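Values in this document were obtained by computation on a predicted structure and should not be read as measured data.
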Amino acid sequence: MARKYGGRFSPRDMLRNNLPDGTARPDLPQVPRHPHEGRPKWVTLAASPFLLGAFFQSAGGMVADLAAFGMIASGMWMTREGLEAQAAFEARRVAKRPAIPRKLFGGVLAGLGLGIGAAEPGAIAGTGLIGAAGLVLHQLAFGLDPWRDKGAEGVDDFQQERADRMIEEGETYLREMRDAIARAGDRRIEARVSMFEASVRHLFERVRANPSGLASARRYMGVYLMGARDATSRFADLYSQTRDEAARQAYASFLDDLEKDFIARADRLLDGNREALDIEMSVLRERLAREGLTGAATQVDPADRARLESHEAQTLDQLLSASFPGQKTGNRQD
């Protein structure tokens, strides 16, 4: 019987520790699962009489029953894909609705399969009713696909699409790293790569939630991940042949350094969001203070006021420079 890999060197247990220099690793993200993910296989099993009974009929009946089972099985496969897509959609703070309504298409295929399997000569109306009932029951059992984007208000669609493309490219590099390191045949180093994947996906989530930070994270999600994939492939080929312990330690150290860089980049993205929030709050407080609202909630912190005045002075200098080219504005007097 298969057992889940766990223990001292399992990815999840090792992830609780920090990096050698004390840097905390982000938590390994849970794999999103829909509570109804197991239902489609039972529907497929329930349609197995169409498959088993097809070989004891005439040629026409055999083709009809095989088509009915094939459509129901295909519909359940598509439904399962839709449930997985919905689970991933609900697990993210910012997400676009699935491009293909898989559960709807799965219900249509299942309804057609039921209709074909129950078809009788001269009973077209009854066949249509059975198919429609199958579609309605499918929607009641599995629900509807997400039809609206989530958390995307105020987000530039172009930036979001660029971020999604870069994340897909990064996921491809991670998948290739995982496939390459499997050739090494070392569970400890496979666990180490899994921890690195967690840190990379931590950055992915930050970029997905804040697509404007893509410019600063682009090299990490493209060039650096591609280099990590190439290094992993070369290490796996070498280690599978030589079992060189020095090479294994050097590769683990390489992942430590790279992982620290990814964690630092993700933290800087969060710090950038915090700084932008501070500026927005300072501007609002200043405007409220100018309107005479001087309550405790609208008092402007001196440090915030100084930073705001410096920002306004720089903006005014830029406007004057653009309006009067060739004149110095750094020594202007108010």
Side-chain angles (χ1 to χ4, degrees), residues 1-2 30-153 155 157-158 160-161 164-165 167-169 171-172 175 208:
M1 181 177 179
Q30 298 288 339
V31 178
R33 293 185 62 86
H34 196 280
H36 301 157
E37 242 179 75
R39 289 184 179 180
K41 66 179 180 181
W42 297 111
V43 178
T44 304
L45 289 175
S48 59
F50 287 126
L51 178 64
L52 299 176
F55 302 99
F56 301 97
Q57 301 186 41
S58 62
M62 181 181 69
V63 171
D65 284 358
L66 289 177
F69 178 80
M71 284 189 162
I72 294 174
S74 300
M76 290 304 102
W77 173 80
M78 187 165 286
T79 299
R80 180 179 175 84
E81 293 291 317
L83 293 174
E84 292 177 354
Q86 182 181 4
F89 174 86
E90 294 174 351
R92 296 171 181 169
R93 295 188 297 271
V94 178
K96 284 187 170 293
R97 62 182 177 85
I100 301 175
R102 297 177 179 87
K103 289 197 291 183
L104 176 61
F105 290 166
V108 172
L109 285 175
L112 288 175
L114 284 175
I116 292 175
E120 292 290 341
I124 299 179
T127 298
L129 288 176
I130 292 175
L135 174 59
V136 172
L137 290 175
H138 179 278
Q139 297 300 312
L140 292 176
F142 299 107
L144 299 174
D145 297 277
W147 290 98
R148 293 183 179 179
D149 299 338
K150 181 176 68 173
E153 294 80 4
V155 176
D157 291 339
F158 177 72
Q160 188 68 56
E161 291 177 1
D164 291 340
R165 286 197 300 269
I167 291 173
E168 290 178 4
E169 181 181 349
E171 288 287 354
T172 301
R175 183 169 58 254
R208 185 179 282 115

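We find the CG-CH2 distance between Leu109 and Trp77 to be 10.5 Å, quoted to the nearest 0.5 Å. To the nearest 0.5 Å, atoms OG1 (Thr79) and CD (Glu81) are separated by 10.0 Å.
Here the closest heavy-atom approach between residue Phe142 and residue Lys103 is recorded as O-NZ, 2.8 Å. The shortest non-hydrogen separation linking Leu135 to Gly107 is CD1-C, 3.5 Å. Scanning both residues, Ile130 and Ala118, for their nearest heavy atoms gives CD1-CB, 3.6 Å. Nearest heavy-atom pair, Ala85 versus Pro98, reported as atom, atom and distance to 0.1 Å: CB-CG, 4.3 Å. Residues Phe50 and Gly117 approach most closely at CE2-CA, 3.6 Å, considering heavy atoms. Residues Met78 and Phe105 approach most closely at SD-CB, 3.3 Å, considering heavy atoms.
With hydrogens and angles ignored, the 3.5 Å screen pairs a side-chain donor or acceptor of Asp145 with a backbone N or O of Leu104.
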_Derivation of the side-chain contact (heavy atoms from CB on, under 4.5 Å) call for His138 and Met76_ = CA-CA 10 Å; His138 179 278; Met76 290 304 102; 3.5 Å; yes
_With side-chain contact (heavy atoms from CB on, under 4.5 Å) as the criterion, how do Leu83 and Arg102 come out once you've worked through the C-alpha distance, each side chain's angles and the decisive distance to 0.1 Å?_
CA-CA 8 Å; Leu83 293 174; Arg102 297 177 179 87; over 6 Å; no
*Give the C-alpha distance, both sets of side-chain angles, the deciding distance and a yes or no for side-chain contact (heavy atoms from CB on, under 4.5 Å) between Gln139 and Leu144.*
CA-CA 6 Å; Gln139 297 300 312; Leu144 299 174; 3.0 Å; yes
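Within a 6.0 Å sphere centred on CG of Leu45, other residues, nucleotides and ligands contribute more than 12 heavy atoms.
With respect to the salt-bridge test (charged N to carboxylate O, under 4.0 angstrom), the residues Glu84 and Arg80 qualify.
Side-chain contact between Leu66 and Leu51 is present, with at least one heavy-atom pair separated by less than 4.5 Å.
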